[in-house]
2 protein chains.
Amino acid sequence: MEERKVTSTNYENEQELLQCPVTYTLSIIGGRWKAAIIWQLSEGPVRFGTLRDRVGKVSDRILSKQLKELQEDGLVCRDAYPEVPPRVEYRLTEKGQSLEPVLEGILKWGLANRGA
Amino acid sequence: MEERKVTSTNYENEQELLQCPVTYTLSIIGGRWKAAIIWQLSEGPVRFGTLRDRVGKVSDRILSKQLKELQEDGLVCRDAYPEVPPRVEYRLTEKGQSLEPVLEGILKWGLANRGA
DNA sequence: TCCATCACTTACAAATTTGTTAGCGAGCCA
DNA sequence: TGGCTCGCTAACAAATTTGTAAGTGATGGA
């Protein structure tokens with residue numbers, strides 16, 4: 001994990017902002033590829049490479065990072081099988097699944113209001 | 001408005017990402033102070049300075065920028081009264097108000113899942 | 001005259017996010 | 001032996017976001 005500077009002018013703000021449940025939620029799903037990842041995983045477990053191909057133009061590094069954050073936030077689970085070449089599957093946790101209705105609300109609003 | 005480099009490696013991704021209604025919505029409400037701003041305005045019009053004091057530790061520049069983006073996205077309206085010193089009120093548009101149920105969904109999820 | 005008010009803006013600095021490129025390791029298979 | 005797969009990481013580069021500090025302009029009041 002890339003370390004975060006605690007002397008940051010942002011740091012204090014962030015602590016306070018995360019007190020707000022809305023900001024907390026947005027900080028979890030706000031990463032550039034996270035909604036797409038969750039969307040893909042909502043159908044069931046998906047392998048790393050498959051995810052990379054389906055999600056869009058993500059690089060390995062970025063996909064890896066977003067997945068790691070999703071794991072840390074408890075939305076996604078990683079299952080590694082000891083094979084060669086390695087096989088790793090990602091899937092939603094219960095917490096991750098509980099986000100789906102929220103994402104649907106966001107989706108519907110987007111559909112209704114984009115381009116207006 | 002600060003210009004955006006079109007040679008950016010990010011630019012192409014962004015165009016594609018905004019095709020997704022979820023990502024589109026998140027890009028609109030995802031700014032650091034935007035949820036808080038919308039929240040404040042949901043009660044009715046608020047002046048710039050009042051907003052700055054209520055929203056948290058925002059600086060003038062940042063609040064101004066977030067408000068401008070919210071206006072461009074059609075969520076917020078600006079009413080300026082020709083007085084001295086100037087008086088400017090911000091309020092939600094209909095489009096902005098239509099976000100409230102979505103934000104409530106986000107809020108409820110955050111309340112239920114923070115700290116779990 | 002001089003200062004205060006309010007909603008900004010300008011110039012600059014710092015942190016964060018996202019991206020590109022190249023490589024690794026273990027074992028299967030030709 | 002040598003190349004291949006797959007998930008991942010390291011080193012680096014670029015863009016974006018957020019922040020701080022210091023103005024500005026018109027006017028009313030001391």
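Just so you know, these numbers come straight off a predicted model, no measurement behind them. By convention in this document, chain letters (A, B, ...) are assigned in the order of the sequence lines, proteins followed by strands, and residues within each chain are numbered from 1.
Hydrophobic clustering (ILVMFWY, side-chain heavy atoms < 4.5 Å, transitive): B:Ile28 and A:Leu111 are in one cluster.
Taking CZ of A:Arg52 as the start and NZ of A:Lys57 as the end, the distance is 15.5 Å to the nearest 0.5 Å. Here the OH atom belonging to A:Tyr90 is positioned 5.0 Å from the CG atom belonging to A:Leu67, to the nearest 0.5 angstrom. Taking CD from B:Gln66 and CD from B:Gln71, the interatomic distance works out to 12.5 Å, rounded to the nearest 0.5 Å. To the nearest 0.5 Å, atoms CG (B:Leu70) and CZ (B:Arg78) are separated by 14.0 Å.
When each of A:Val84 and A:Ser59 is assigned the nucleotide of DNA chain C bearing its nearest heavy atom, the one mapping closer to the 5' terminus is A:Ser59.
Residue B:Arg32 places no side-chain N or O under 4.0 Å from the OP1 or OP2 atom of C:dT16.
Nucleotide D:dA10 holds its P atom 13 Å from the NZ atom of A:Lys65, rounded to whole Å. The CG-P distance, from A:Asp79 to D:dG7, rounds to 13 Å in whole Å. Rounded to whole angstrom, the span from the NZ atom of B:Lys57 across to the P atom of D:dT20 amounts to 9 Å. Rounded to whole angstrom, the span from the CG atom of B:Leu63 across to the C1' atom of D:dT17 amounts to 15 Å. Counting to the nearest Å, the C1' atom of D:dT9 and the CD atom of A:Gln66 are 16 Å from each other. Going from atom CD1 of B:Ile29 over to atom P of D:dT17 covers 16 Å, rounded to whole Å.
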So which protein N/O to nucleotides 6-9 of chain C N/O distances come out below 3.5 Å?
| from | atom 1 | to | atom 2 | distance (Å) |
| --- | --- | --- | --- | --- |
| C:dC6 | O3' | B:Arg47 | NH2 | 3.3 |
| C:dC6 | O3' | B:Pro86 | O | 3.1 |
| C:dA7 | OP1 | B:Arg47 | NE | 3.0 |
| C:dA7 | OP1 | B:Arg47 | NH2 | 3.1 |
| C:dA7 | OP2 | B:Gly49 | N | 2.9 |
| C:dC8 | OP1 | B:Arg78 | NH1 | 2.3 |
| C:dC8 | OP2 | B:Arg78 | NH1 | 3.4 |
| C:dC8 | OP2 | B:Tyr90 | OH | 2.4 |
| C:dC8 | N4 | B:Asp60 | OD2 | 2.4 |
| C:dT9 | OP1 | B:Lys68 | NZ | 3.1 |
| C:dT9 | OP2 | B:Ser64 | OG | 3.2 |
| C:dT9 | OP2 | B:Lys68 | NZ | 3.4 |

Can you list, pair by pair, the side-chain donor-acceptor contacts under 3.5 Å of residues 96-109 of chain A, counting residues two or more places apart and other chains?
| from | atom 1 | to | atom 2 | distance (Å) |
| --- | --- | --- | --- | --- |
| A:Ser98 | OG | A:Lys95 | O | 2.6 |
| A:Ser98 | OG | B:Trp109 | NE1 | 2.9 |
| A:Trp109 | NE1 | A:Asn113 | OD1 | 3.2 |
| A:Trp109 | NE1 | B:Ser98 | OG | 2.9 |

Return a table of donor-acceptor pairs under 3.5 angstrom between the side chains of residues 34-50 of chain B and protein atoms on other chains or two or more places apart.
| from | atom 1 | to | atom 2 | distance (Å) |
| --- | --- | --- | --- | --- |
| B:Lys34 | NZ | B:Glu69 | OE1 | 2.6 |
| B:Ser42 | OG | B:Trp39 | O | 2.6 |
| B:Arg47 | NH2 | B:Pro86 | O | 3.4 |

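Residues satisfying the side chain to side chain donor-acceptor pair (under 3.5 Å) test with A:Arg91, not counting sequence neighbours, are A:Asp79. Applying the side-chain contact (heavy atoms from CB on, under 4.5 Å) criterion to A:Glu83, with sequence neighbours excluded, gives A:Tyr81, A:Arg87.
From one end of the helix from C:dT1-D:dA30 to C:dA30-D:dT1 to the other, with five pairs defining each end axis, the axis direction shifts by 30° (rounded to 10°).
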